[in-house]
Amino acid sequence: MSAEIANSALPVLTAKDFASDQEIRWCPRCGDYSILAQMKKVLPTLGIPREKFVFVSGIGCSSRFPYYVNTYGFHSIHGRAPAIATGVKVARPDLQVWVITGDGDALSIGGNHLMHMLRRNLDLKVILFNNRIYGLTKGQYSPTSPVGQKTKSTPMGSVDNPLSPLCYAIGSEATFVARSVDVDIKHLTYVLERAAHHKGTAFVEVYQDCNIFNHDAFLYASDKSIKADHIVYLEHGKPLVFGKDVKKGVRLNGMHPEVVELGKGVGEDDLLFHDEKATEPSLAFLLSRMKYPDFPEPMGIFRAVEAPIYDEQVALQVETAIKKQGAGNFDELFNSGDTWNVD
Amino acid sequence: MSSTEVPIAEVSPADPNGPDPKKLEQVESVVIRFCGDSGDGMQLVGGQFTNVSASFGNDVSTLPDFPAEIRAPAGTLAGVSGFQLNFSSLDIFTPGDAVDTLVAMNPAALKTNVGDLRRGGTLIVNVDEFEKGNLQKAGYEANPLDDPDLIAKYQLHRVPMTRLNRDAVAGLGLGMKEADRCKNFFALGLVYWLYDRDRKPTEDHITEKFGKKNPTVAEANLRALRGGFNYGFSTESFTTHYQVPKAKLAPGKYRKIEGNEATVWGLVTAAKRAGKTIFYSGYPITPASGILEELASLKHFGVKTFQAEDEIAAMSSVCGAAFAGHIAVTASSGPGICLKGEAMGLGVMTELPMIIVDVQRGGPSTGLPTKTEQSDLLLAMFGRNGDSPIPILAASSPGDCFYLVQEAVRIALEFMTPVMFLTDGYIANGAEPWMIPSFSDFPSIKVEHPTGKAGAWGSEENGTGNGHGEPEFQPYLRNEKGARPWAIPGTPGLEHRIGGLEKADITGNVDYSPANHHKMVMNRINKVKGIANHIPLQEVLGPEKGKLLVLSWGGTYGAVRTAVQSCLAEGKSVAHSHLRYLNPFPRNLAEIVKGYEKVLIPELNSGQLRLLIRGNYLVDAVGLNKIQGKPFLVNEVVQKIDELLES
């Protein structure tokens, strides 16, 4: 695409415009390909000129992502993408900044930065590729690997209790929290669009298959023949129903969710209704704790609420200070306080 | 000022229009130190004495010295806080070697400080605090004020400050604790009388600070100040007071400035000169926090500050803001710089302009948080993985921070590189008179962001076209200084990716090939080396060739300069050269260091500059190394010079 077109008021872009000239070096059939493809589909629909996008990543297979998108990009260092993106966004709130990260990058070495980025609610979009393994370093367990998993660094099985990225995000006051699966193309596209349009930090976990070191870790949630019984699609204002014949639902028993069969005296009105806009994150947290095989794992938007946006507030304080005190005058500054003359 | 013009408070027994009953003597310079519990307000009264002396026209130099604990247990040795001030009618560079007047508010303060008082010096103690409990806490078995040795060595004044201060503020309805909180002003008032200082600026300060919010506290502090002053005026304990005439500074308008403050003003000035916004990111750490706080108060200068979750995030966000086109700055001290190392390496690899300020303190690890040291030079030089060159500048005094940090910004922008700016705890918290510049004195700093094809530097001729006669944007194509273009997000047509992986020359694509890596490492090294052609030549005070060169850097400037000047005045063959540019060194430094039989390098570390000088120039330099958390005394440097000249 030429610079002239990018300069025009309403650029009409396609996925092709967002493809870079770099050869993609993920393993064949890696889940990352699908996520990249859906992203390239979503970006042209946002009405944002290509030069206004910045992709920031850390280290890991997923973090190669910026090289494959023809926007501004910063492939940085392990775990620091949220902090680097914060610098970009605070400096330039006019840019749309995406953070691409993985389970090791975001939750292990970069856990601290992730928490603070989320609680500040910068206007950033974060995609966490969760494959429950360290792929780039060739197969060590990650903070999302289940207990008992045998990997190169856990030959007798992992004894390390994993965490859920979404529980962490909700606990860190994230204003937008969602989940999808790499191969669920339509749903992933929908979730990415919703994330792109959210005002504030949008946090999306994508179950992503590492077909080399942790193949089929999410088979229960991705295989079309079985997934209907293992996942539940969240829809705002709708009851939680799932299953092959949509005969199952999730009901609240006190503070605890339970799976029930519809019919036999249980109607949809008895089920848990999803409310992504709930001010308190309790429901979203409860949903984020539902795990296979005891529960269907929720897919979709867990939480989407509005809150003050950090980068806007920083800019606003600068504006307010200038309005109140007048634009800084250097000679006034230098001559402030006690001064004296030497003749 | 004559003392008869001093208004006397109502509590004064003296006649305001009467003659001064005491002898008034003129002296050249005085070194005074206030010391007491960290809750006693010693930093506050030290600062007040400094302001009053500076605005009177003395040259001043200060050394605040406080414990790392905010409030160590009262009365203990660990809790002693001190403030030393040298005020003079001469041009001075240091807070002074030996103390002329020591004000000790309790036994612990006496114990930790009396060793620095010169023989025959004035010792003012708050005798009320020398009771059993406090003596025990300070580890005294007997009351030192009864020690004949102490009485013989110093002019001891036993002042019942606690009692007199309570009397001065009596009737205002203050509780005992509140009343006692004023006694630092009583001590200050007494010393104001002793050195014939004008009380008015401090009285104005008290009224301004407390007047509206708490008029009773304001009145109490005013009474304490006047009470102390009148005590000196009327009591027979003091027979003489002293005057230090104005210093002969270069004509102009002056103010007092502290190092961290000067660093901040320099940064903001440089940003304005470049027509850019400052993005500052920092994590609280002693003694660098003042930079974050001061910048946060300058939002009306367009400054954006970000208190990051840790040092790593502070440095990382600086990389992000630099990519986005801001003047990105962070500051820390040793432990924080260690954490920043990884992201500084990213700054080197991505060749983005950014400033890293290191306000050095005693190390290793947490070390001596509130004490000064120069021990991060090698950390700044080498503290990253790989061959990772970063230019280094080091300020020589509080006021110099203002000018040199602007040089750091200029170099960062001109050469597209991170730059380290070193100061230290001594400079950061120390103050000196500063001739006020005019903003119009400073030329603009040119910054170029390529836009579209024209600014992208590529062409078919140099093999960087797109094959259709059009130049293609090449993020790692270099100009004559070795700098790459700073194309910022939002610029149509220049979309590109950068990162921590090795870059292909010119295109900036990821490239692991052996020859390219070698070339890129050398490109980065040579770019930084080339800065030597764009900085001033190194200057020397004293003979250009001869027996001894004293080579110093950073915050030791004052002590070393004073030492060499006094040796030169005595006709000794010694020269002084003070480095402000540490990487690269000025291009004439080799010639300078080879021009003398001996080279002495005094440093507040175990010999870090010496290692670099020996390594670079094969010169057998000798060190004078002090690692005590304190600056050099002038006399320590003079002694070493004499020793080397005699051997």
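Each chain gets a letter, A, B and so on, in the order the sequences are listed, and its residues count up from 1. Here the structure is a predicted model, which is why all the values come from computation and not from measurement.
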Within-4.5 Å side-chain heavy-atom neighbours: B/K272 and A/F330
yes
Region of A/L95 that comes under 4.5 Å of a non-hydrogen atom in chain B:
side chain
Segment of B/S281 engaging chain A (4.5 angstrom heavy-atom cut-off)
neither
Ordered numerically, the heavy-atom neighbours of chain A under 4.5 Å found in residues 346-354 of chain B are B/L346, B/T350, B/L352
Sort by residue number and list every residue of residues 60-71 of chain A having at least one heavy atom under 4.5 Å from chain B.
A/R64, A/P66, A/Y67, A/V69, A/N70, A/T71
Using 0.5 Å steps for rounding, measure from the NE2 atom of A/H113 to the OG atom of B/S316.
5.5 Å
Which region of A/Y310, side chain (C-beta onward) or backbone (N, CA, C, O), has a non-hydrogen atom less than 4.5 Å from a non-hydrogen atom of chain B, or is it both or neither?
side chain
Which atoms of B/Y254 come close to chain A, meaning under 4.5 Å heavy atom to heavy atom: side chain ones, backbone ones, both, or neither?
both
If I measure from the heavy atoms of chain A, does B/H326 come under 4.5 Å with its side chain, its backbone, both, or neither?
side chain
Backbone of B/A54 reached by a side-chain donor or acceptor of A/W340 within 3.5 Å
yes
Cut-off 4.5 Å, heavy atoms of chain A, and the answer for B/T491 is both
As an exercise: rank B/K246, B/K256, B/E309 by heavy-atom pairs under 4.5 Å with chain A and give me the winner.
B/E309
Check each atom of B/V268 against the heavy atoms of chain A and say whether the ones under 4.5 Å are side chain, backbone, both or neither.
both
Report yes if the distance between the aromatic ring centroids of A/F334 and B/F402 is under 6.0 Å, otherwise no.
yes
